[in-house]
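Order of the sequence lines fixes the chain letters, A, B, ..., with proteins taken first and strands second; residue numbering starts at 1 for each chain.
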Amino acid sequence: MSRDLPTAYDPTAIEDRWAEYWVSEELFHQPSPTTLPQVPVFTTLLPPPNVTGRLHMGHMLNQTEMDIITRWHRMRGSLALWVPGTDHAGIATQMMVERQLEAEGKTRQDVGREAFIERVWQWKKHYGGAILEQMKRLGTSVDWSREYFTMDAGLSAAVREAFVRLYEQGLIYRGAYIVNWCPRCQTAISDLEVVHEEQQGKLWEIRYPIVGESGYVTVATTRPETMLGDVAVAVHPDDERYLNVHGKMLRLPLTDREIPVITDPWVSRDFGTGAVKVTPAHDANDFALGQRHHLQPINVMDDTAHMNAAAGPYAGLDRFVARKRIVEDLDEQRLLAGVRDHVNSIGKCDRCKTIVEPRLSTQWFIKIQPLADKAIAAVEEGYIRFTPEQYAKTYFEWMRNIHDWCISRQLWWGHRIPAWHCRHCRHITVARETPEACEKCGHSELEQETDVLDTWFSSGLLPFSVFGWRGGGPSARTPDLDAFYPTQLLVTGFDILFFWVARMIMLGCHFMLDVPMPDGSQRTLKDAVPFREVYIHALVRDADRQKMSKTKGNVIDPIEIVRRFGTDAVRFTLAAMASPGTDIAFSEERTGGYRAFANKIWNAARFLFMQLDRAAKAGIVVTPADFSGEPEITADAPLESRWIVSRIKSTAAQLDEELSEYRFHEAANLIYQFFWGDFCDWYLEIIKLRLDFGSPSESTRAALTTLVSVFEAALRLLSPFMPFLTEEIWHALYGGVPPEKSIALAKFPAGEMHADDLAEIDMRVLQELIGTVRTLRKDLGIEEKVAVPMQLSRYSIPADCLSFVRRLARISEVIPVDSLTEGASSRSTFNFDVAVVYERKIDVAAERERLVKELTRFEKEASNAERQLANHSFLAKAPSTVVEGLRRRAGELSMLIPKTRAALDSLGPQK
RNA sequence: GGGCGGUUAGCUCAGCUGGUUAGAGCGCCUGCCUUACAAGCAGGAAGUCGGGGGUUCGAGUCCCUCACUGCCCACCA
């Protein structure tokens with residue numbers, strides 16, 4: 001570790017090294033406690049990426065935010081545990097391997113279930129979890145020793161247990177209902193996995209002849225092919241148009257079947273023709289209707305959405321081919337009454353975008369209402385807090401209109417449902433372990449259910465299954481559950497609010513309620529929740545606010561961008577733009593700006609190391625004992641030292657506040673302004689003059705100590721945001737032997753508001769003075785190198801600040817005066833009048849324009865203030881701080897206005 | 001059909017429970033290679049806070065309304 005740093009910061013040179021170090025040193029490993037932790041515990045779960053996943057910007061945002069929060073908690077003395085893992089991602093992973101097989105000209109059926117699953121495991125071993133390797137590169141401070149996979153033996157046992165318990169509690173049932181069927185994936189999918197798209201479609205009107213008389217009932221449909229499965233036509237009982245056909249039979253066109261006309265108030269009279277075909281096997285409403293009227297459903301399609309034998313002559317045709325043929329045939333028979341354009345919303349499979357077929361199918365469901373009730377209560381009672389708050393509304397909205405959850409999937413990759421069908425009596429035995437015999441008839445010929453569970457079933461259990469939950473009741477307790485459950489925070493995107501967040505809440509509240517508390521007492525809903533807070537982050541879009549998508553080709557690869565700008569810069573960019581509830585328009589320019597910030601920090605370190613070297617040569621040795629810990633300052637220290645210490649303390653305090661509300665952008669801005677604005681632009685410039693190594697004294701030594709200790713604290717402040725850069729410099733600062741193995745294990749600087757208000761006020765006036773003189777010089781066209789004398793009235797510069805004021809404002813000499821010399825180029829503020837002595841004439845026109853503008857602004861403000869201060873309601877109702885503030889400002893204005901006017905007058909009459 | 005957001009400087013966005021003079025980055029203009037940093041330093045210009053109405057002592061902030069815009073949810077064929 002050298003203090004001999006190159007001029008420009010090169011992140012690639014150091015990041016890999018530290019990423020590796022953090023992992024190999026197991027810095028963030030948090031073992032299972034043997035006794036309950038005596039410090040605050042901060043637990044969080046990484047939303048498990050799919051094993052098939054590649055890191056995208058959304059992951060990086062999520063991890064940056066989680067990492068900032070976790071590192072911050074850890075540095076503030078919490079026992080911080082962040083658990084990583086991956087999800088087996090049923091459909092997604094199965095598709096990857098199927099595609100691989102396809103390349104070999106095979107299907108999964110060709111290789112068979114067992115061999116296929118073996119193949120998926122092989123795939124997982126080779127390619128899976130690449131995303132976690134990418135994560136390591138980002139410096140995420142997770143506990144790698146706890147990395148899980150949702151198909152691990154332990155987590156699978158938890159899944160089985162959870163399933164069986166729900167079944168025993170009567171909350172899981174199996175039955176034939178309309179489900180969303182993806183003909184390509186050949187599985188049922190849940191409501192959430194269907195994405196609806198508005199599409200321009202058609203509404204066909206078809207005539208169903210009345211049996212035994214002339215005439216028709218005309219029905220309207222968007223899916224004519226399903227008519228082959230019609231079992232009735234329904235009309236509203238009060239619809240006068242159809243009173244005469246109640247109870248009559250209709251001939252179903254293209255078939256030889258006859259179907260009844262039924263009446264049901266559900267039918268809406270003003271849609272289409274007011275008569276609706278009833279197809280219970282292919283439509284959810286029709287299914288309900290069919291049940292009410294005891295109609296036998298007829299399924300006319302197979303698993304691939306081709307027409308089946310029940311479709312007669314159309315058997316074997318794809319559903320859309322069949323649609324076309326049926327419409328043609330109807331037209332030919334003059335049974336097509338009309339075709340209209342119709343916009344309808346069409347459901348597609350979330351995975352493969354195939355149009356979903358609502359289809360009658362036997363599946364497993366969770367009776368969700370009892371779970372949802374608890375989940376609603378948990379949020380209503382405030383046991384779980386959402387940030388931004390508005391997501392609680394979305395959550396309630398969904399939870400209150402919830403439908404039973406179809407949890408079975410006709411896939412091979414996943415947790416196989418622990419149910420066994422008896423070959424003899426058809427009874428289903430649900431059990432934790434493979435049963436020897438049918439629990440009903442005792443026969444031993446059993447066949448395990450072939451369906452697997454929805455991926456989200458297992459991920460919904462994670463907040464407790466990762467901590468060893470393998471069953472309910474008192475025996476469920478584990479040291480990890482005692483110590484780490486409930487977790488504190490979940491950070492995730494709104495896209496999985498229902499898929500995952502809502503399910504975790506439902507399952508957590510359900511399963512953890514009967515697990516006793518660490519002290520053995522009964523757990524209540526408050527502590528059954530899987531997490532206390534949910535932070536929902538925004539979407540990362542491209543610089544033009546477009547959603548990133550492969551088809552648009554505007555996907556920003558985080559690894560690529562990290563390679564170009566450095567991880568710290570990208571992390572900082574994401575943090576600085578992560579305002580809760582607002583999408584992030586990720587731009588490279590912005591990232592470039594924060595790379596510059598990293599470079600700034602780097603160079604500040606270089607400067608500091610140079611000073612330390614010069615000091616050493618002059619015989620001043622500063623050791624870690626002098627600068628580790630919180631920066632301390634004595635009352636007699638020079639202003640800039642007292643000021644910068646006050647600044648860092650209040651920055652730390654504000655940072656704590658912002659981070660506790662997940663206002664990452666405010667936190668990032670605070671630290672940016674502190675480091676660049678306060679520390680570099682002002683403090684370092686001043687310290688250059690303070691450090692006189694020519695004739696070293698105790699004050700030089702004291703100034704140097706403050707410099708180093710503030711810098712050291714600033715590194716700690718920055719480290720949750722920029723872990724690599726700060727780690728590197730921190731180690732260098734300690735000459736390779738830091739007090740902790742990592743800055744991540746050091747203490748976060750203690751915050752304090754108003755640490756030294758006096759110093760801050762004094763400094764502000766000096767900054768104002770220097771700024772005013774700089775502006776004045778510029779307006780007068782004085783070259784930068786030329787030092788000029790300055791007249792100053794109504795203010796005197798503190799003796800020990802004189803030298804830096806002169807240097808920073810390029811003043812050769814400060815001449816205190818009672819009033820400024822007539823005709824001098826001057827400026828006035830509330831605190832002082834200042835003028836520079838310089839022969840060159842001011843640009844009168846420009847100066848006049850500036851003064852007029854300023855005067856107008858002042859006068860307007862003054863009249864507003866005056867009016868307010870004369871207002872009794874204002875004086876009575878406004879808080880005293882506001883009134884006082886306005887009075888002070890009015891006082892300033894009453895001083896500034898005459899001065900500005902005088903300055904304007906001194907320019908002479910306008911030409 | 002229901003619900004939730006957004007509209008602030010040329011651009012991208014902050015502005016937290018209403019409170020003194022609305023901020024930042026980038027861009028732009030001017031001047032500087034001042035031995036930490038040109039990925040830098042100093043200075044500057046630039047906003048009727050989408051339109052209209054209301055509440056209030058006080059509104060970018062709260063309410064109503066209009067316009068434009070984005071997202072989520074949904075079993076009307």
Partner of [N] by Watson-Crick or G-U wobble geometry, both contacts under 3.5 Å, or none?
N: B:C11; value: B:G25
N: B:G1; value: B:C73
N: B:G60; value: none

A:Arg887/A:Glu884 salt bridge by N-O under 4.0 Å criterion: no

Is there a donor N/O on one and an acceptor N/O on the other, under 3.5 Å, for the side chain of [X] and the base of [N]?
X: A:Glu685; N: B:A36; answer: yes
X: A:Gln390; N: B:G5; answer: no
X: A:Lys393; N: B:C4; answer: no
X: A:Arg889; N: B:U21; answer: yes

Does a nitrogen or oxygen in the side chain of [X] sit under 4.0 Å from OP1 or OP2 of [N]?
X: A:His342; N: B:C76; value: no
X: A:Lys600; N: B:G40; value: no
X: A:Lys853; N: B:A46; value: yes
X: A:Arg774; N: B:G43; value: yes

Whole-Å distance separating the CD atom of A:Glu666 from the P atom of B:G25: 14 Å

Pair A:Phe664 and A:Tyr535, ring centroids less than 6.0 Å apart: yes

Salt bridge (Lys or Arg N to Asp or Glu O under 4.0 Å) contacts in which one or both residues fall within residues 566-578 of chain A, not counting sequence neighbours: A:Asp67-A:Arg571

Neighbours of RNA chain B within residues 869-881 of chain A, by heavy-atom distance under 4.0 Å: A:Asn871, A:Ser873, A:Phe874, A:Lys877, A:Ala878, A:Pro879

Pi-cation contact, A:Phe607 with A:Lys688 (under 6.0 Å, within 45°): yes

Close side-chain approach of A:Asp286 and A:Val231, heavy atoms under 4.5 Å: no

Heavy-atom side-chain proximity of A:Met227 to A:Tyr208 below 4.5 angstrom: yes

With sequence neighbours excluded, residues passing ring-ring contact (aromatic ring centres under 6.0 Å, His included) with A:Phe586: none

